[in-house]
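To keep things clear, I will list the structure first and then write my remarks on it.
Every chain is numbered from 1 and lettered A, B, ... according to where its sequence line falls, protein lines coming before strand lines. These values consider heavy atoms only, across backbone and side chains, with no hydrogens, waters or symmetry-generated copies.
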Amino acid sequence: MAPRVFSPQRSSPTSGDGMSTPSIRTRFAPSPSGHLHVGGARSALFCWAFARGHNGQFLLRIEDTDQKRSSDAASTGFLEDLAWLGIDWDEGPQWHGRGGGDTGPYYQSQRLDIYEPFTQQLLDSGAAYRAFETTEELDAARKLARAEKRAYRYDRAALELDPDTVERFLAEGRPHAVRFKVPDDEPIVVHDAVLGEVRLEPGELEDFVIRKGDGYPTYHFAVVVDDVLMGVTHVIRGQEHLANTSKHALLIDALGFDRPIWAHVSLIFNPDGSKMSKRDKDKTLRAEVKSRGLDSPPEGCGISREHWANWLADKKLQLETDAAASLARVLEISLPEIDVDDFRRAGYLPEVLVNYLSLLGWSPGGDREQFDRSFLVEQFGLDRIVKSPAKFDRSKLLAFNLDAIQAMDADQFVVRLQAFCQDFEPEFLEAMSTHQFKLFALSNKERSKTLRDPVDTGRFFVQSDEQIEWPMTKAIRKAICKGEPNGFDRLAAIRDLLAAAEPWEPAHLEEILSTWAETNCEGNLGKITQPIRVAVSGGPVSPPIYDTLEILGKKAVINRIDRCLANRENAMEASL
RNA sequence: GACCCCAUCGUCUAGUCAGGUCUAGGACAUCAGGUUUUCAUCCUGGGAACAGGGGUUCGAAUCCCCUUGGGGUCGCCA
């Protein structure tokens, strides 16, 4: 299909935040890997906020020019992730009613014929030339340079080729790359909105490739051409691109267009300073597997023996998201969250992640830390972007999430928890009535740091009475086995009182238990609530006991207490 | 290794551009008390930083230089 070409703006974009700026256009340009990494999410967020706050447009472009790596299974996971975060795009891939636009297509692989004339232009003007070295030759030259401890730069051998030879090579159909001829007489100076002026002395930059042997443009060339054609005025991206920017500046100059405003944001790291990478999950899993000496896949993780062996043998292999998650569950460890989707599954609220992410590498100034999207859009500016790198601190994110949940309307929390369960824990919706679920949600709200907390600690609500067991842990022993009388004695004593309780409501249950505690254990409520809690849940933790009992219902409560009492002898034996 | 970027509590940061109001503020984490039927909350209080060295200046967290440390890039990957 013939792409429509946007007429690039020739006037210089005015800098910074001027209200008179005609039309600010920012873009996020990921390569299509499954899910969105938090680093990418932060870049996207900044681009989006800047455009939204300045009456501009935010575009999405997919950089899929790596034929070797772009799999056809290119998922739309990251589009979902963006949508979940509340980052919408004005132009880009079409998805659920958004996207499209006049400057597409928005997949680079569909723009191949767009780049060619620009390559030709540079070739014709002598700003670029053809180079016939093979990858192997170049690799060897690099290796040699390294061995001799000198910096390798392409030697421009192809420039020495006489025109006839070049003609001959071309006639032979020799594969070749096109290189940009980097001017070597003056420094390259790039202005960055965050970093200021960045200079590169002449001779530091080699003649880089702009078109690969397979005819595809390199990233550098495609980015520059696309940004120009799409009318991008502000390029906000991670600092890993800073070194590339001089190439982009040169290319734009040679093509005769105006440079955009660049803003390079510092990188995000793990607390230990390592790169936050998708591999961290596999790393965690491998370490655990190794420390336990597992040489076959544990039951229930859903990984085949063969896959397991391959995964263990090749450290570069990564488990699929689902496989990694179920293995972690079986091993009872938690995986580090890396992708936006991981945070979603872990029960973080999108608005909280947005808030926290925006604080990594930017701040509104003063003491303001917690804010919503509209505040960010209103306040965000390039001038307050932080230069130094940041470490990702999950405990602070968790604290923010807690605050947001606490501040939420009760009804709102029920709805959000319901949506969460729908996506990730349908069991909870299936096993409970609407009324029960509401009680379940409300009784958990004030103690939840994430939407996952209620389901993690409340599994016993959706288990059958027969599934409840009482592993003899320290806490359980203390609650039901220790002392004279012990928890079992108290359970036996209160059992009929509970069975006769009417109505089965928190207030009434409280009355029963307090009265009983008053006469039987000097008002020490814990002496009776804790045994009941253990009996009905199989563990020492639950929502407030009266709520717990109400949600469970009288029948299940009595049944579980009876089963617990029936298990008394085993338990006492195990507790010794 | 070469080039580039960066440097305030354990962490994210305010303060730096326009040097004095900074005995450096906030948040998270941490520690000590307290509330609480479990867990989690919640309340009160404490400790905690201008990387080091030289300049400039009446005066430096703020400006300059060096050192050190951290990071990025050095692909016919993006």
Original post:
Counting only side-chain N and O atoms of A:Arg368, is one of them less than 4.0 Å from OP1 or OP2 of B:G26?
Top reply: no
Original post:
Which is true for A:Pro543 with a 4.0 Å heavy-atom rule: it touches a base, it touches only sugar-phosphate, or it touches nothing?
Top reply: base
Subject >> Gap between atoms CD1 and P, on A:Ile268 and B:U13 respectively (whole Å) >> reply: 9 Å
Subject >> Distance, rounded to the nearest Å, where A:Glu550 contributes CD and B:U37 contributes P >> reply: 20 Å
**OP:** Remember a base hit wins even if backbone is also touched, and classify A:Lys275 as base, sugar-phosphate or nothing at under 4.0 Å, heavy atoms.
**Re:** sugar-phosphate
Subject >> Pair A:Glu148 + A:Lys143: basic N to acidic O under 4.0 Å >> reply: no
Original post:
Is there a donor in the side chain of A:His264 and an acceptor in the side chain of A:His241, or the other way round, less than 3.5 Å apart?
Top reply: no
Original post:
Base, sugar-phosphate, or nothing for A:Gly361, non-hydrogen atoms under 4.0 angstrom?
Top reply: sugar-phosphate
**OP:** Tell me what A:Asp139 touches on the nucleic acid: a base, only sugar-phosphate, or nothing, going by heavy atoms under 4.0 Å.
**Re:** nothing
Original post:
Of all the nucleotides listed (B:A78, B:A27, B:A7), which has the minimum atom distance to the side chain of A:Ser388?
Top reply: B:A7
Subject >> Complementary nucleotide for B:C22 - Watson-Crick or wobble, under 3.5 Å >> reply: none
Subject >> Contact under 4.0 Å: A:Arg130 side-chain N or O vs B:C76 OP1/OP2 >> reply: no
Subject >> Interatomic distance at C1', B:G71 relative to B:A24, whole Å >> reply: 26 Å
Original post:
B:C50 and B:G10: how far apart are their C1' atoms, nearest whole angstrom?
Top reply: 16 Å
Original post:
How is A:Ile545 classified with respect to the nucleic acid when contacts are heavy atoms under 4.0 Å: base, sugar-phosphate, or nothing?
Top reply: base
Subject >> Nucleotide of B:C6, B:G72, B:A78 approaching A:Asn244 most closely (side-chain heavy atoms) >> reply: B:A78
Original post:
So what does A:Pro540 hit on the nucleic acid, given a heavy-atom distance under 4.0 Å: a base, only sugar-phosphate, or nothing?
Top reply: base
Subject >> Check: B:G26 base within 3.5 Å donor-acceptor of A:Glu369 side chain >> reply: yes
Original post:
Between A:Ser266 and B:C6, does any side-chain N or O lie under 4.0 Å from OP1 or OP2?
Top reply: no
Original post:
What does A:Arg384 touch in the nucleic acid at a heavy-atom separation under 4.0 angstrom: a base, only the sugar-phosphate, or nothing?
Top reply: sugar-phosphate
Original post:
Touch check for A:Gln239, heavy atoms < 4.0 angstrom, all strands: base, sugar-phosphate only, or nothing?
Top reply: sugar-phosphate
**OP:** With the side chain of A:Asp367 defined as its heavy atoms from C-beta on, choose the nearest nucleotide among B:C76, B:G26, B:G10.
**Re:** B:G26
**OP:** Please determine, for the side chain of A:Leu402, which listed nucleotide (B:U37, B:U11, B:C42) has the closest atom?
**Re:** B:C42
Subject >> Which nucleotide in B:G15, B:G71, B:C4 has an atom nearest any side-chain atom of A:Leu200 >> reply: B:C4
Original post:
Taking the six-membered ring for Trp, are A:Tyr154 and A:Tyr129 parallel (under 30°), tilted (30 to 60°) or perpendicular (over 60°)?
Top reply: parallel
Subject >> Pairing partner of B:U62 (Watson-Crick or G-U wobble, both distances under 3.5 Å) >> reply: none
**OP:** Give A:His241 one of three labels, base, sugar-phosphate or nothing, depending on what nucleic acid heavy atoms sit under 4.0 Å from its own.
**Re:** base
Original post:
Does B:C77 have OP1 or OP2 sitting under 4.0 Å from an N or O in the side chain of A:Lys212?
Top reply: yes
**OP:** Please figure out whether A:Leu242 or A:Ala151 has its closest RNA chain B nucleotide nearer the 5' end.
**Re:** A:Ala151
Original post:
Taking NZ from A:Lys387 and C1' from B:G72, how many angstroms apart are they, rounded to a whole number?
Top reply: 16 Å
**OP:** Name the residue closer to the 5' end of RNA chain B, choosing between A:Arg142 and A:Arg150 according to the nucleotide with the nearest heavy atom.
**Re:** A:Arg150
Original post:
Roughly how many Å is it from CG in A:Leu359 to C1' in B:A14, rounded to a whole number?
Top reply: 11 Å
Original post:
Between atom CG in A:Leu357 and atom C1' in B:A27, what is the gap in whole Å?
Top reply: 17 Å
Original post:
Hey, does the side chain of A:Asn520 reach the backbone of A:Ala517 with a donor-acceptor pair shorter than 3.5 angstrom?
Top reply: no
Original post:
Do A:Asp227 side-chain atoms and A:Val232 backbone N/O form a donor-acceptor pair below 3.5 Å?
Top reply: no
Subject >> 4.5 Å side-chain heavy-atom contact, A:Arg61 and A:Asp226 >> reply: yes
Original post:
Whole-Å distance between B:C42 C1' and A:Asp403 CG?
Top reply: 12 Å
Original post:
Considering only side-chain heavy atoms of A:Ser395, which listed nucleotide, B:G25, B:A29, B:C3, is closest?
Top reply: B:A29
Subject >> side-chain N/O A:Lys391 vs B:C28 OP1/OP2, d < 4.0 Å >> reply: no
**OP:** Give A:Pro544 one of three labels, base, sugar-phosphate or nothing, depending on what nucleic acid heavy atoms sit under 4.0 Å from its own.
**Re:** base
Original post:
What nucleic acid atoms does A:Thr529 come within less than 4.0 Å of, heavy atoms only: base, sugar-phosphate, or nothing?
Top reply: base
Original post:
Of the nucleotides B:A40, B:C28, B:C5, which one has an atom closest to the side chain of A:Lys449?
Top reply: B:A40
Original post:
Roughly how many Å is it from CD in A:Gln406 to C1' in B:C43, rounded to a whole number?
Top reply: 15 Å
Original post:
Given the P atoms of B:G26 and B:C9, what is the spacing between them in whole Å?
Top reply: 16 Å
Original post:
What nucleotide among B:C3, B:C6, B:C39 has an atom nearest to a side-chain atom of A:Val541?
Top reply: B:C39
Original post:
What nucleotide among B:A78, B:A14, B:C76 has an atom nearest to a side-chain atom of A:Ser363?
Top reply: B:A14
Original post:
Rounding to the closest angstrom, what is the interatomic distance between B:A48 and B:U30 at atom C1'?
Top reply: 9 Å
Subject >> Distance, P atom - from B:A27 to B:G47, rounded to whole angstrom >> reply: 15 Å
Original post:
Base, sugar-phosphate, or nothing for A:His220, non-hydrogen atoms under 4.0 angstrom?
Top reply: base
Original post:
Does the distance from a Lys or Arg side-chain N to an Asp or Glu carboxylate O, for A:Arg394 and A:Glu337, drop under 4.0 Å?
Top reply: yes
Original post:
Going by the angle between their ring planes, with limits at 30° and 60°, are A:Phe392 and A:Phe343 parallel, tilted or perpendicular?
Top reply: tilted
Original post:
Which nucleotide, B:A29, B:A14, B:U37, lies nearest any side-chain atom of A:Val386?
Top reply: B:A14
Original post:
Within 45° of the ring axis of A:Phe269 and under 6.0 Å from its six-membered ring centre, is that where the NZ or CZ of A:Lys391 lies?
Top reply: no
**OP:** Give one of base, sugar-phosphate or nothing for A:Glu201, where a contact means two heavy atoms less than 4.0 Å apart.
**Re:** nothing
Subject >> P-based separation of B:U36 from B:A14 [nearest Å] >> reply: 41 Å
Original post:
Starting at CG of A:Asn355 and ending at C1' of B:C12, how long is that distance when rounded to a whole Å?
Top reply: 12 Å
Subject >> Under 3.5 Å on both distances, the Watson-Crick or G-U partner of B:C50 >> reply: none
**OP:** Classify the nucleic acid contact of A:Thr457 as base, sugar-phosphate or nothing, counting any heavy atom under 4.0 Å across all strands shown.
**Re:** nothing
Subject >> Whether A:Asp453 side chain and A:Ser448 backbone form a donor-acceptor pair below 3.5 Å >> reply: no
Subject >> B:C31 and B:A40, which share atom name P, separated by this distance in whole Å >> reply: 13 Å
**OP:** Provide the distance between the two P atoms, one in B:C74 and one in B:C58, to the nearest whole Å.
**Re:** 48 Å
Subject >> Base partner of B:C3, which must satisfy Watson-Crick or wobble distances under 3.5 Å >> reply: B:G72
